[in-house]
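Okay, so here's the structure we're looking at.
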Number of protein chains: 2
Amino acid sequence: MLKSGATIGILGGGQLGRMLALAAANLGYRTHIYSPEENSCAFDVAHVITKAPYEDEKALAEFAQVVDVITYEFENVPAATATFLAARKQVLPDPRVLEATQDRLIEKDFVKGLKIPTAPYAPVHSATQLAEGIEKVGLPAVLKTRTLGYDGKGQAKIAKAADAIDAWRSVKNAPCILEGFVKFQREVSVVAARDKAGKVVCFDITENQHRDHILKVSRVPARVPPSTEREARRIATKIADALDYVGVLAVEMFAVKRGRATELLVNEIAPRVHNSGHWTIDGATVSQFEQHIRAIAGLPLGKPLRLGRVEMINLIGAEIEEATRWMKVPGASVHVYGKKEARPGRKMGHVTRVRPQR
Amino acid sequence: MLKSGATIGILGGGQLGRMLALAAANLGYRTHIYSPEENSCAFDVAHVITKAPYEDEKALAEFAQVVDVITYEFENVPAATATFLAARKQVLPDPRVLEATQDRLIEKDFVKGLKIPTAPYAPVHSATQLAEGIEKVGLPAVLKTRTLGYDGKGQAKIAKAADAIDAWRSVKNAPCILEGFVKFQREVSVVAARDKAGKVVCFDITENQHRDHILKVSRVPARVPPSTEREARRIATKIADALDYVGVLAVEMFAVKRGRATELLVNEIAPRVHNSGHWTIDGATVSQFEQHIRAIAGLPLGKPLRLGRVEMINLIGAEIEEATRWMKVPGASVHVYGKKEARPGRKMGHVTRVRPQR
């Protein structure tokens, strides 16, 4: 168990790192943010910062020396960086979970291996395999690069067979996966925390609405039957256990109507705190950021209570200008990430509304 | 209105400064903490720090240069420091409010001037005046130094006339005030925010329990009649308006039974965020810390909604060791201030419990 005053090292300097640092401060810990980006918004709230490339072994070695544990706020940590650090200081979650989550194909195979349903999928490493994949998975489908995509980047929709050629060209020969399009009733997620002893605590299942592939609104409670909520928690727990995970992860799922029943298909696993869990800062008695810090610091996980009906709205790009107006709305909690440039599609802040009545 | 990325300068590096810095970060602002203490717990979460005496004009001038507004987290800011800074950068709340609040006698006269009741009181600058004061105010009474006391320091109780001599000796000729002992039913407080436009927003009246002169437990809702709550808010608003205050202040009051009615007597005014308002971090949709930052930054005040029945418990001295145990309690939000030494009587952290049901 890390004592008060210990330093949490965080790889990555975006808003997730920023909010992790604020949660760590609440628990009496210092943070040291390591990021290559000059204007990392997490730098503002850290006790110490290192601005250096992820390949800089000297900087990494010094970082590992001065922190008490290392974590990351984005899943595309280069394998060499993670290995180098893990040889010098404990990295949590263990970097080997990144193997299961950095590659969409490996991720799907992993979930399938746990007997958990996913969208139909096929590997695509050539135009020929793309044609075979379309046969297997059907259309419409989405061609995604196996690695490095997020928020809609690195993917191409194939609505009809004629789209296949352009889709294949657009990914420029990168190794891909073809996923069958899922006609879902809802997109949901479960954010779960698992500690070193293997205890798992899940937040309430969250309903998510995307716009242009980026999360726009999250709502709790989700409009799914209680049995679906239980199933979602069971899935998240099973995944966390199978990864021997320490920290917070998020499992995004599709809720699909099958007659009168609802089936859950796992879409993606994020081995980190997640946008769909931001509502927990204001809408629950312990946030996902704090659960993550508690888990990696060896502190007991909290049992969060939800404080009402909660809605989180992302402020993306120029929408950050709405922040001041939101501040006047009764019951609105406004979060501004302190980023300099409000580029289109960039997550600049969020607003959470909690309605105390049940 | 300060833009995102602006820097809030804070005089003082204790837990109030720390929590103000965390709230500022939530709004996208950076903080620069100025404190003479090596181990200021607010240093850990600031973007920039200055460790220098309050008399160091060179350091103060540099500080004023690089921040966009200055505030303070403790009321005993030396007048010379406040004046020096205010000549160079806007200080909010305006340092002239400190004249009314740094001196208990001036404070009582100010409140009396607003036709707001206080405990009976008398100035005491000599043994003779002490005897006259006891005649006027009655016994039991408390002899308090006019300036610099807090958490029970700088005061001596006079239960019977024979105690007077020892009490006068113990204050070592410091200018004093004699306050009549109030037989209160409850101790309460109102934390209020006032913005540059003069708008006032009050949090719910809070019921406070002290132990050895230090706040131990705060509860909301307070056990007072609705008319008393309205009166308390009216008193806090009147005081904030009279001071032309910008920021958050707290007014501590005694609730005294007069037959079937309840009378409120003002005890103390704190021109800053206050321990009895910590519950607002987890128990309301906007915290006192955020309201203070919004006010001084020229942002609109929030209209906070209370999220349930709330209880805040201070962790004082060695009690901080209970923090880990509290982390397991469902619904408990634990705050650790990151201070190195758990000295007796020292505020080391707090726990807030929110019960969502009404």
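Quantities reported herein were computed from a predicted structural model and do not represent experimental measurements. Order of the sequence lines fixes the chain letters, A, B, ..., with proteins taken first and strands second; residue numbering starts at 1 for each chain.
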Looking at [options], which makes the most heavy-atom pairs under 4.5 Å with chain B?
| options | value |
| --- | --- |
| T31(A), V329(A), D44(A) | D44(A) |
| G331(A), S333(A), G338(A) | G331(A) |
| S4(A), A323(A), G28(A), A21(A) | G28(A) |

Problem - Most contacts with chain A, counted as non-hydrogen pairs under 4.5 angstrom, among V334(B), V286(B), D282(B) - result: V334(B)
Handout entry: Nearest heavy-atom neighbours spanning V354(A) and L305(B)
Key =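 Between these two residues, the closest heavy atoms are O-CD1, 4.4 Å.
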If I measure from the heavy atoms of chain A, does [X] come under 4.5 Å with its side chain, its backbone, both, or neither?
| X | answer |
| --- | --- |
| L27(B) | both |
| T285(B) | both |
| M348(B) | neither |
| A332(B) | backbone |

Problem - Side chain to side chain, T324(B) and L299(A), heavy atoms closer than 4.5 Å - result: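 Yes; the side chains approach each other to less than 4.5 Å.
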Handout entry: Heavy-atom side-chain proximity of N26(B) to V336(A) below 4.5 angstrom
Key =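 No, every pair of side-chain atoms sits at 4.5 Å or beyond.
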What part of [X] lies closer than 4.5 angstrom to a heavy atom of chain B: side chain, backbone, both or neither?
| X | result |
| --- | --- |
| M19(A) | neither |
| A46(A) | backbone |
| R294(A) | side chain |
| I281(A) | neither |
| R18(A) | side chain |

Handout entry: side chain to side chain contact (heavy atoms under 4.5 Å, CB included) between H47(A) and V45(B), intermediate numbers included
Key = CA-CA 6 Å; H47(A) 179 57; V45(B) 304; over 6 Å; no
Practice task
State the NE2-CD distance between H335(A) and E290(B), to the nearest 0.5 angstrom.
Solution key: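 The CD atom of E290(B) is 7.5 Å from NE2 of H335(A), to the nearest 0.5 Å.
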